[in-house]
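A, B, ... follow the sequence lines: proteins, then strands. Residue 1 opens every chain.
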Amino acid sequence: MSLEDLREELSKVVDATDIFPRDYQKDGCVLEIRADADKIEAVAEATRDADFFLECITGLDFTNGPQVIYHFNAFSNLSRVLVRVQLARNQSLPTISSIYDAAIWYEREVFDLFGIHFDNHPDLRRILLPEDADFHPLLKDFGKVHAFRSTEEIYDEPDA
Amino acid sequence: MTNQMLEPITEQTYYLNMGPQHPSTHGVLRLFLKLDGEYIVEADPIIGYGHRGHEKMAESHLYEQFLPNSSRMDYLSGLLFNHGYVAAVEKMAGIEVPPRAEYIRVICAELNRISSHLLWFGTYIMDLGGFTPFLYCFDDRENILDILDHVSGSRLTYSYCRFGGVAKDLDDEFISATRQFIERLRSRWDDYHNLVTKNVIFIHRAKDVGVINRELALRFGCTGPILRGAGVAYDIRKAEPYSVYPELDFEIPTGTAGDALDRYMVRLQEMEQSLRIVEQALDRLPDGPIKAAVPHKVRPPKGDYYFAVESARGALGFYIVSDGTSYPYRLKARVPSYGNLQVLTDVLPGTLVADTISILGSIDIVVPEVDR
């Protein structure tokens, strides 16, 4: 399935205004989707049906709440898709581990390092840190960081 | 002491800890296995023993200060990680790299890929009980380490790339040593194939063992030789061309079944392709500067960027969020071994404990890279 088909499938799931084309040469992705937490399962199903694999899940911490970034990619040329989910502080989001097995470990990592909870995850244990750790090290209020910013300070509104 | 008869075992299954200190886990990996006799029922790889927090370190260091960290994630293909990190920041900051520097990077990166594969080759066969190839491989690998040591000053954790170029220019000694090495390794293939590839014991240990097909690789996000062993010709060097790879002629070797033998064959052929790349790059090596003029502190513009390179183990990605200062706001390394290791939870159940060694070896993980 091509990227255009995926885009069409995704437009059934999220608002068309939440899909932004991005320039691969500029930032390494061809498509960005901004999804709400409850849409992520539907988005993941659409990418799975389009024969994409889950490349990684990343957490980001901002003053106005954490973000979870999903990168999907296909075994073909230049097709990386970025999905951005903005969360409120202490908000949880559904797991996509029933859709992609790779998500089991990636979600455990995000939980471990950011304390973001994934609902219905089959095995949400710490993965990199010891079981008895009582902190989430990649949060910006932990340890030494250079800056703690809000999303507005980093992202200009992408032109649709 | 009196001999006591043990009570008959009533439980059918039991647990076995393999690692974290086990010679064939190549690093501090612990496999928590649930066994039924000799068969594995459940496998749970437990990682994190080598977690150093590279991603956290990045948040309080300048982009330049993170350079040495990059090659310490994967100590066997450090230069490929170094190249990936440098290229990601260059793309963000819009730094043009002189062609000579790009060629030097590709030459050194491919030599590093060969040395990584050679080490894998030697240790994999040693895990299966063959000691001799290990010594041959380390002899060859030593050559590469000497060559790279000559130009970069380090044998393992190379921090050779700089933003806008490389640290030191190649000299004639490097070029002649590399050409000699290419000849030498090419003359070795027959030995390797006679020693290992045609060895019936090896074939029995590797054929139809640990099958990872395309569908499984897709579910777990496996990349690199594992994916290519399953017949998918996916290589970042071709799929998302970077550096000077588009100008060079090489092929992507693939397997068919996706078993340990296919992964073995793919890696051996990849070394031959890497030799081709090095040879072509040496022939075409342009003259010119080796480093562009770059400001003392790199300040990439605001935004986020994902840059992928093909490491020796698969698709390596650096996802960097910049807030416009000279410190990365967040740096995430998408390491190939992470997905490649997780697939064991699906592959190991149903196999024999003895095959675990063969499967784990054929996957070629580097645990410090998984732990970061």
**Prompt:** Which atoms of B:Ser322 come close to chain A, meaning under 4.5 Å heavy atom to heavy atom: side chain ones, backbone ones, both, or neither?
**Reply:** backbone
**Asked** Is NZ or CZ of A:Lys140 both nearer than 6.0 Å to the six-membered ring centre of B:Tyr329 and within 45° of the ring axis?
**Response** yes
**Message:** Less than 4.5 Å to any heavy atom of chain A: does that hold for the side chain of B:Tyr319, its backbone, both, or neither?
**Reply:** side chain
**Prompt:** Do A:Arg108 and B:Gln342 come within less than 4.5 Å of each other through their side chains, counting heavy atoms only?
**Reply:** no
**Message:** Does any part of the side chain of A:Gln67, heavy atoms only, come nearer than 4.5 Å to the side chain of B:Arg330, both counted from C-beta?
**Reply:** no
**Complete:** So CG of B:Leu218 and CG of A:Asp51: to nearest 0.5 Å the spacing works out to 5.0 Å
**Prompt:** Can you say whether A:Ile99 sits under 4.5 Å from chain B via the side chain, the backbone, both, or neither, judging by heavy atoms?
**Reply:** neither
**Request:** Report yes if the side chains of B:Arg334 and A:Tyr106 come closer than 4.5 Å at any heavy-atom pair, otherwise no.
**Result:** yes
**Message:** Is A:Asn73 close to chain B through its backbone or its side chain, or both, or neither, when contacts mean heavy atoms under 4.5 Å?
**Reply:** side chain
**Asked** Checking heavy atoms, do the side chain of A:Arg125, its backbone, both or neither come under 4.5 Å from chain B?
**Response** side chain
**Prompt:** With only heavy atoms counted, which part of A:Phe72 is less than 4.5 Å from chain B, the side chain, the backbone, both or neither?
**Reply:** neither
**Asked** Does any heavy atom of chain A fall under 4.5 Å from the side chain of B:Pro45, the backbone, both, or neither of them?
**Response** both
**Prompt:** Once you round to the nearest 0.5 Å, how far does CG of B:Leu341 lie from CH2 of A:Trp105?
**Reply:** 4.0 Å
**Request:** Let me know if B:Asp44 has heavy atoms under 4.5 Å from chain A in its side chain, its backbone, both or neither.
**Result:** side chain
**Prompt:** Atom CG of B:Asp304 and atom CD of A:Glu32: how far apart are they, to the nearest 0.5 Å?
**Reply:** 6.5 Å
**Request:** Give, as side chain, backbone, both or neither, the part of A:Leu138 having an atom under 4.5 angstrom from any heavy atom of chain B.
**Result:** both
**Request:** Could you look at B:Tyr234 and say if it's the side chain, the backbone, both or neither that has a heavy atom under 4.5 Å from chain A?
**Result:** side chain
**Asked** Should the pair B:Tyr327 and A:His146 be assigned to parallel (<30°), tilted (30 to 60°) or perpendicular (>60°) ring geometry?
**Response** parallel
**Request:** To the nearest 0.5 angstrom, please state how far the NE2 atom of A:His71 sits from the OH atom of B:Tyr306.
**Result:** 6.5 Å
**Complete:** In this structure, CD1 of A:Ile69 is separated from NZ of B:Lys332 (nearest 0.5 Å) by 11.5 Å
**Message:** So for B:Leu216, is it side chain, backbone, both, or neither that comes closer than 4.5 Å to the heavy atoms of chain A?
**Reply:** neither
**Asked** In terms of heavy-atom proximity below 4.5 Å to chain B, should A:Arg48 be classed as side chain, backbone, both, or neither?
**Response** neither
